[in-house]
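The next block holds one structure in the form of structure tokens; read it before the comments.
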Amino acid sequence: MTPGTLTDENLLTPKNSNFLVAISPIGGGKYDISGCDISTGEFFTGQTSDPIDDFVRLSPAEVIFPFSTAEEKTIMKLRELFKSTPVYEKIYHRTDIAQVVSRVFGGVIDSATATKNTDCAICLLAGYLFNTQRGASITFRAPYTWGSGRQLLIDSATWRSLEIDAPINDGGACLIDVLDETRTAAGARKLRSYLRDLSGDLAQITLRQGHISHFILNPDVSGLLTSVLTSVPDVGRSLARLLSGRGTPRDLRNTSDFLNVLPRAQLLSNRLDSNFSERFAEINTHSEFALQLTRALSDDLPTFFRDGGVIRDGFDLSLDNMRSLSNGARETIAALQSEYVSATGINTLKIKYNNILGYFIEVPSARADALMQPESGFIHRQTMAGNTRFTTSRLIELDNDIRSAAEKASAIENEIVNQFLDYIRTISDDLLSTADLLADCDVWLSLACVSDKYSWVCPTVTDDCAFDIVGGRHPVIESVLRSRGENFVKNDCNLNTCAIALLTGPNMAGKSTYLRQNAIIVVLAHLGSFVPATSATIGICDQLFSRVGASDNLAAGQSTFMVEMSETANILNRATNRSFIIFDEIGRGTATYDGMAIAQAVLEYLDEMRPRTLFATHYHELTSLVLGGGLRNVSTLTIDVREHNNEIVFMHKIIPGVANRSYGIHVARMAGMPQTVINRAECVLSALESNETQLSAPSQPVSPKPVPVRKKTVVSDELPPPQLSLFG
Ligand code: ADP
């Protein structure tokens, strides 16, 4: 067992897949990958240029790589991020690798073609599974191609920062917590897989929106489907265990329960939308087999097949006969005890059973002498502290009868179970695709429930660069506020005329929330979901980037500022005018001049490229670039702040315009800073604002002024020389 090859129910998380992924560098910055989840039979192959981004979304339980590539840069990074195992050459560079691949993956791939290059990920994966899962035959489904089709690409930093499937801080909430109202474990896994693989295909998105609309418009159908799904067990994992010889009677019961729910699912076929309706009508309920299996399984199943008692009395005559033989012998043994009590006059004589001696007679040692005599007919077996154990030829005979009847019963039972398993093997593909269909329905039904409950709308998704959100909300923060009885303030975002919005405003006013909520709306729209807004028009994006907060990577030897710069570099190098970007406070981690210079240069760069961008900054001076007409594609936004009786109230409302103050000292007071520090800060601030010098204050204002815009200007060398620090 390795982290990526678990199948035991107790070791797996129901809602998450458990991927084992093989990766092998193939040059030119590309990687061959192949992965599977042996607990469900899911299997994929493909190539990628961004394994780190892909794997962060996929969150594999284990990554395997050729031992010889352990020092390669990307592989080293993957080794830091995931549980990883190097695979030695002899495991996949073997002359019989094609046979190994075909043995491991059955007939689902063309092993001769797949193994032309023995260094490829598929050989690695097959060799590793062959070595670790000796003897277990795993049933795989036909592989799909990793990253095929039009996708909205999300890099690893963005994925993490938007808290899509995991919160950044322990105990926080993430998007999936709001989205996941699935009724089945397979549905929950499917929702996560759709989120990892957001669509960039208009037709596909429209189709998915259609499913959700249909469920919202037909609540009775949703209700019926919900009750069907509530009874659907995790048959995918049960089948994988049963077919690999690791199943338990409970897995057989799951299969039977699954089969029994299918007629109810099929009845819904003409009530679902056209796409699902056809597929539901084609469900094969395997009714005869379902009946047999249900009739066969005991109500009270044992934990393991070897414990016996899986098959119910009355199902098979020969099994019943063997069981009654063994029960009859047991009854005779009970009668024998009374017989021996009266024959020996020892009232405390008992016939007991253990796994080592089988049935035996036990008397207190003080009374054992008479039984020790050979003519007594009792045979001494064991002397314990206080008790002595005996047997008799009659008891041995009965014990043998019971054992042989039990062995025969167990053989018959095994045969019946194996017949069921053999049949299940022949229909497993069909069962898995039906399970997949139900999981798919579960996803769209879950999103319909969420949309209906929280009044989300169907976005108009277009093939241009539109972005117009009216009344947008952050679904996670809104749900946190709702649980506290507070309201979330809705905000619009229109990037149709100016693709870039420069957002200034005080801390704690809601800038990050606004940025993230729009990025999350982009994610949801590309999932095919409804979105938390009053209305939304969104042009399909090719990539989504988010540079927010300090995702410290100190452990990996990178300072906060370095992380910020490399994430920004990554965005600028990869973005196109079809991308959507949120930038929160770039340049903050360095000296004011450097930081502002970088922020200005980035803004100018974006103004040329025109990706839809929300750019929040502390450098209020940057807004004068926009107001001065230097940036054609940038508009300014700020957050409404009201002052009332010397108190500052953050309205969380985004409005056009620029912030005139930072209210940093106000936030410091809210945070409980000592009053003396607050007073002193106010004093220093007013000195700075009135451009006075006090102590060793600088002779010029600390805030640098932005330099005029020039296309592709390198701004830093045009800035005034840095000031000494205020107290320096
Ligand atoms: P900033 O990025 O400006 O420092 P945040 O976006 O982190 O501010 O928001 C601070 C807090 O304000 C959030 O945790 C949230 O509780 C509240 N908040 C933000 N936006 C809204 C909103 N639109 N409606 C209600 N509360 C909000």
Side-chain angles (χ1 to χ4, degrees), residues 158 160-163 167-175 177-178 454-456 469-494 501-522 524 531-536 546-552 560 564 567 581-589 595 599 613-620 622-623 636-643 647-673:
T158 305
R160 284 201 207 96
S161 75
L162 291 180
E163 305 186 293
I168 291 176
N169 299 316
D170 286 346
C174 63
L175 181 62
D177 297 336
V178 177
Y454 304 131
S455 309
W456 292 7
I469 310 296
V470 178
R473 284 115 61 199
H474 189 302
V476 182
I477 299 199
E478 186 182 33
S479 94
V480 172
L481 292 182
R482 193 185 304 117
S483 66
R484 292 197 222 131
E486 292 169 34
N487 281 334
F488 188 89
V489 178
K490 298 175 181 181
N491 277 308
D492 303 345
C493 183
N494 188 323
L502 183 64
L503 175 63
T504 46
N507 274 318
M508 285 298 289
K511 294 188 302 298
S512 303
T513 306
Y514 179 69
L515 261 52
R516 286 163 194 253
Q517 84 186 34
N518 285 296
I520 286 175
I521 286 173
V522 170
L524 291 172
V531 299
T534 315
S535 82
S546 152
R547 157 90 273 291
V548 297
S551 52
D552 250 314
T560 308
E564 183 185 327
E567 285 180 11
I581 311 176
I582 58 171
F583 272 118
D584 198 357
E585 313 272 6
I586 55 165
R588 192 175 46 168
T613 307
L614 296 174
F615 194 108
T617 183
H618 260 109
Y619 301 121
H620 295 181
L622 290 183
T623 54
T636 55
L637 293 176
T638 185
I639 308 199
D640 197 7
V641 179
R642 303 274 166 90
E643 297 194 40
E647 276 296 308
I648 311 295
V649 186
F650 293 146
M651 307 303 288
H652 304 306
K653 190 76 195 162
I654 305 287
I655 49 173
V658 299
N660 49 5
R661 285 185 60 191
S662 292
Y663 299 101
I665 297 177
H666 169 74
V667 175
R669 182 182 292 119
M670 276 166 57
M673 196 82 91

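As the structure lists them, so they are numbered: ligands from 1, and atoms in each ligand from 1.
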Quick one: list whatever passes side chain to side chain contact (heavy atoms under 4.5 Å, CB included) with [X], sequence neighbours left out.
X      : answer
Asp177 : Ala173, Cys174
Glu478 : Arg473, Arg482, Phe488
Val489 : His652, Lys653

Do the non-hydrogen side-chain atoms of Asn487 and Leu481 ever get within less than 4.5 Å of each other?
no
Beyond-backbone contact of Val476 with Glu163, side-chain heavy atoms, under 4.5 angstrom:
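No. Closest side-chain heavy atoms not under 4.5 Å.
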Which protein residues have a heavy atom under 4.0 Å from ligand 1?
Leu481, Asn487, Phe488, Val489, Asn491, Pro506, Asn507, Met508, Ala509, Gly510, Lys511, Ser512, Thr513, His652
Regarding Thr636 and Thr623, do their side chains bring together a donor and an acceptor under 3.5 Å, going by distance alone?
no
